[in-house]
Amino acid sequence: MGLDIVHTLPKRGLLIGGEWRQARSGRDFLTLNPATGSPIASIPEAGVEDVDAAVASARRAIDEGAWGRMTGADRARVLRRLADLVERHRERFVELEAIDAGKPLAASRRQDVPAAIDCLAYYSGWADKIHGEVVPARADALTYVTRKPVGVVAAITPWNFPLMNAVWKIAPALAAGCAVVLKPAELTPLSSLLLGELAIEAGLPAGALNILPGFGTVAGQALIEHPGVDKISFTGSPAVGKHIMGVAARDCKHVTLELGGKSPNIVFADADLQAAANASSSGVFFNAGQVCSSGTRIFVQRAVYERFLELFADRASRLKLGDPFDPETTMGPVISEKQRDRVMSYVETGKREGAALIAGGEALDRPGYFIAPTIFADADNLMTIAREEIFGPVATVIPFDEPDAAIRDANDSPFSLAAAVWTRDVTRAHVMADRLRAGTVWINTYGPTDTRLPWGGMGGESGVGRDLGRAALDNYTEQKTVWLQLRA
Ligand code: NAP
Ligand code: MG
């Protein structure tokens, strides 16, 4: 399924210092198609020595290479060319995400690939607008503040939005003049490798972007421990995020962590219920539920609870689960056998804890890792399925009576990434937006993000720092204060 229509696989290698190499160990690993479980390609597996070489090449690119000598305007041109090349190869990316990550073609045509292009174009626009300011602190001195690149950035990405998450890190880092070592998720390396090919074609100087497919516990671990890395930008699980923060503390590396979510989606009785049901379905089932900001805890006001459940279950039943390459498909598989088993164990937990299973609840009896859209109703916020991130197509619906109870339960979570509110009352909408503990609050919609808007959690299991927007440039630059004494 699929492989025959993927026009060309990208280069399979480690990108180090502008060259494609085999792993020093000579080892390879297989990337699989989650819709079939079959191998797609074998890829060199980066080891500790490859990490050393990549970090050294990144450092050289900044200190001695063409990259460090480029002006902001030069960097802007390279990033713009890269955006244009991704645009030109957009269908290849769509196909690679379909075969490697199980994403329906229409989904990455609409979301992942345009978002990546937009992100590259946006940060290309910033590259020559990163500047400091004169701060007249004293009459007898010229005092000013400049912004310098933080240096070598380790970018570590997950498998759920492989291209998009890589670009969210690479684009602002390169705009700021940093050099990057990217370790894509072992399960989905292909789109990052194509991005590397195009970066070379765009004229990105050697060593500015290095790409190391491989395993988290080997290449990832070596990268986060490496003394030559100045900054770690990570998207992934809370467990690995916390581990990274601990390792980074040894030599005080900069760290940005985009971690998990268990986002509340609150539907008031005065809402447009059909719109709420439709968006709540895509909000929790998009990407087979493998989205950090999935609206997995759906709180519904009692007066409309039964009606909402009907509309929501009806909408979910229209999802077409199947081959990501079939144009009719709206939901693909989850990423792996391990992920399928993990999700199914949560389904068992939900049943055991007494939530009412009103849709789905089973893995499909076919090759690949398909799980039917699953809805638990009559749940409460203390159940395991309402507290832990499942990262699969499982919704937990919880009734509420008073707005204060909805806020209390919504905020009673170790996560803080996103939240949504459905109401026609504008005052209530703003009050809820103010009181919900979440890095992003949507009102009468679920899930949109935009390159221009900062994205990230408010601590805890959702992590710290922001991707996207102007804020992300601060991740990749340091302020430098200069004091020039004019008179003694
Ligand atoms: P993960 O297991 O934490 O993996 C993320 C990345 O970290 C992978 O590249 C992984 O390599 C690597 N890694 C694993 N152990 C490492 C170590 N010891 N040192 C350095 N790197 C290491 O997460 P995942 O299962 O891929 O992704 C799912 C999680 O990501 C969910 O919790 C989800 O909420 C979160 N997520 C958050 C956002 C956001 O924007 N906040 C976006 C997407 C996903 P391997 O591939 O080899 O394991
Ligand atoms: Mg794969």
Looking at D409, N265, N381, T396, which one forms a side-chain hydrogen bond (donor to acceptor under 3.5 Å, both in side chains) with R297?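 Running side-chain hydrogen bond (donor to acceptor under 3.5 Å, both in side chains) over D409, N265, N381, T396 with R297 returns exactly one hit, N381.
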Residue from R92, K103, E97 passing side-chain hydrogen bond (donor to acceptor under 3.5 Å, both in side chains) with S191: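 By the side-chain hydrogen bond (donor to acceptor under 3.5 Å, both in side chains) criterion, S191 pairs with just one of R92, K103, E97: E97.
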Closest contact, heavy atoms only, [X] versus [Y]:
X: I385; Y: E353; result: N-OE1, 4.1 Å
X: A219; Y: K183; result: CB-CG, 4.1 Å
X: I335; Y: P34; result: O-CB, 3.3 Å
X: S462; Y: G261; result: OG-CA, 4.2 Å
X: T423; Y: A271; result: N-CB, 4.1 Å
X: G392; Y: V343; result: CA-CG2, 3.8 Å

I want to check something: taking the side chain as every heavy atom from C-beta on, are [X] and [Y] in contact at a cut-off of under 4.5 Å?
X: P324; Y: P333; result: yes
X: L357; Y: I375; result: no
X: R452; Y: R470; result: no
X: F234; Y: V255; result: no
X: I130; Y: L473; result: yes
X: F299; Y: V267; result: no
X: E348; Y: S345; result: no
X: L82; Y: L198; result: yes

Ignoring hydrogens and geometry, is there a side-chain-to-backbone donor-acceptor pair from [X] to [Y] under 3.5 Å?
X: S263; Y: G295; answer: no
X: D112; Y: M164; answer: no
X: T330; Y: K320; answer: yes
X: S294; Y: T296; answer: no
X: R302; Y: A269; answer: no
X: T157; Y: P162; answer: no
X: Q290; Y: P393; answer: no
X: S413; Y: F415; answer: yes
X: T449; Y: G447; answer: no
X: K351; Y: V347; answer: no

Closer than 4.0 angstrom, basic N to acidic O: yes or no for [X] and [Y]?
X: E258; Y: R466; answer: no
X: R90; Y: E87; answer: yes
X: E461; Y: K242; answer: yes

Using ring pair (Phe, Tyr, Trp, His ring centres under 6.0 Å) as the criterion, list what pairs up with [X], not counting sequence neighbours.
X: F29; answer: F215
X: F400; answer: F268
X: Y369; answer: none

Could you measure the distance from the [atom1] atom of [X] to the [atom2] atom of [Y]? Nearest 0.5 Å is fine.
X: W422; Y: S280; atom1: CH2; atom2: OG; answer: 6.0 Å
X: L309; Y: D314; atom1: CG; atom2: CG; answer: 12.0 Å
X: T384; Y: I390; atom1: OG1; atom2: CD1; answer: 9.0 Å
X: I170; Y: L182; atom1: CD1; atom2: CG; answer: 4.5 Å
X: L195; Y: L209; atom1: CG; atom2: CG; answer: 6.5 Å
X: I224; Y: I156; atom1: CD1; atom2: CD1; answer: 6.0 Å

Evaluate N165 against T235 for side-chain hydrogen bond (donor to acceptor under 3.5 Å, both in side chains), listing each step before the verdict. CA-CA 8 Å; N165 276 148; T235 299; 4.5 Å; no
Check the orientation of Y446 and W442. Use parallel for under 30°, tilted for 30 to 60°, and perpendicular for over 60°.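 The arrangement is tilted - the two ring planes meet at 30° to 60°.
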Any chance the side chains of [X] and [Y] put a donor and an acceptor closer than 3.5 Å?
X: S124; Y: R80; result: no
X: T31; Y: D100; result: yes
X: T256; Y: K231; result: yes

Run R315 and S281 through side-chain hydrogen bond (donor to acceptor under 3.5 Å, both in side chains) and show every step you take. CA-CA 7 Å; R315 182 73 176 192; S281 170; 5.0 Å; no
H254 and N475: CA distance, side-chain angles, deciding distance, side-chain contact (heavy atoms from CB on, under 4.5 Å) verdict: CA-CA 8 Å; H254 298 257; N475 293 340; over 6 Å; no
I want to check a possible cation-pi pair here: R366 against F370, using under 6.0 Å from ring centre and within 45° of the ring axis as the test.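 Because its charged atom sits under 6.0 Å from the ring centre and within 45° of the axis, R366 does stack over F370.
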Kindly determine whether W455 and L417 satisfy side-chain contact (heavy atoms from CB on, under 4.5 Å), including the steps that lead there. CA-CA 8 Å; W455 178 254; L417 185 60; 4.0 Å; yes
Begin from the C-alpha positions of W126 and Y476 and carry the test ring-ring contact (aromatic ring centres under 6.0 Å, His included) through to its verdict. CA-CA 12 Å; W126 270 117; Y476 301 105; over 10 Å; no
Keeping to residues at least two apart or across chains, list the salt bridge (Lys or Arg N to Asp or Glu O under 4.0 Å) pairs with something in residues 370-398.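 Non-adjacent pairs meeting salt bridge (Lys or Arg N to Asp or Glu O under 4.0 Å): R387-D412.
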Salt bridge (Lys or Arg N to Asp or Glu O under 4.0 Å) contacts in which one or both residues fall within residues 269-279, not counting sequence neighbours: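 Of all non-adjacent pairs touching residues 269-279, those that pass salt bridge (Lys or Arg N to Asp or Glu O under 4.0 Å) are D270-R428.
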If you apply the rule side-chain contact (heavy atoms from CB on, under 4.5 Å), what do you find for I371 with L364, and how did you get there? CA-CA 6 Å; I371 300 175; L364 270 53; over 6 Å; no
With sequence neighbours excluded, residues passing salt bridge (charged side-chain N to carboxylate O under 4.0 Å, His left out) with K169: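 By the salt bridge (charged side-chain N to carboxylate O under 4.0 Å, His left out) rule, K169 matches D467.
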Tell me whether the centres of the aromatic rings in W168 and Y123 are closer together than 6.0 Å.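 No, the ring centres sit 6.0 Å or more apart.
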Show, in sequence, the C-alpha distance, side-chain angles and deciding distance for T477 and V150, and conclude whether the side-chain contact (heavy atoms from CB on, under 4.5 Å) test is met. CA-CA 5 Å; T477 52; V150 293; 5.6 Å; no
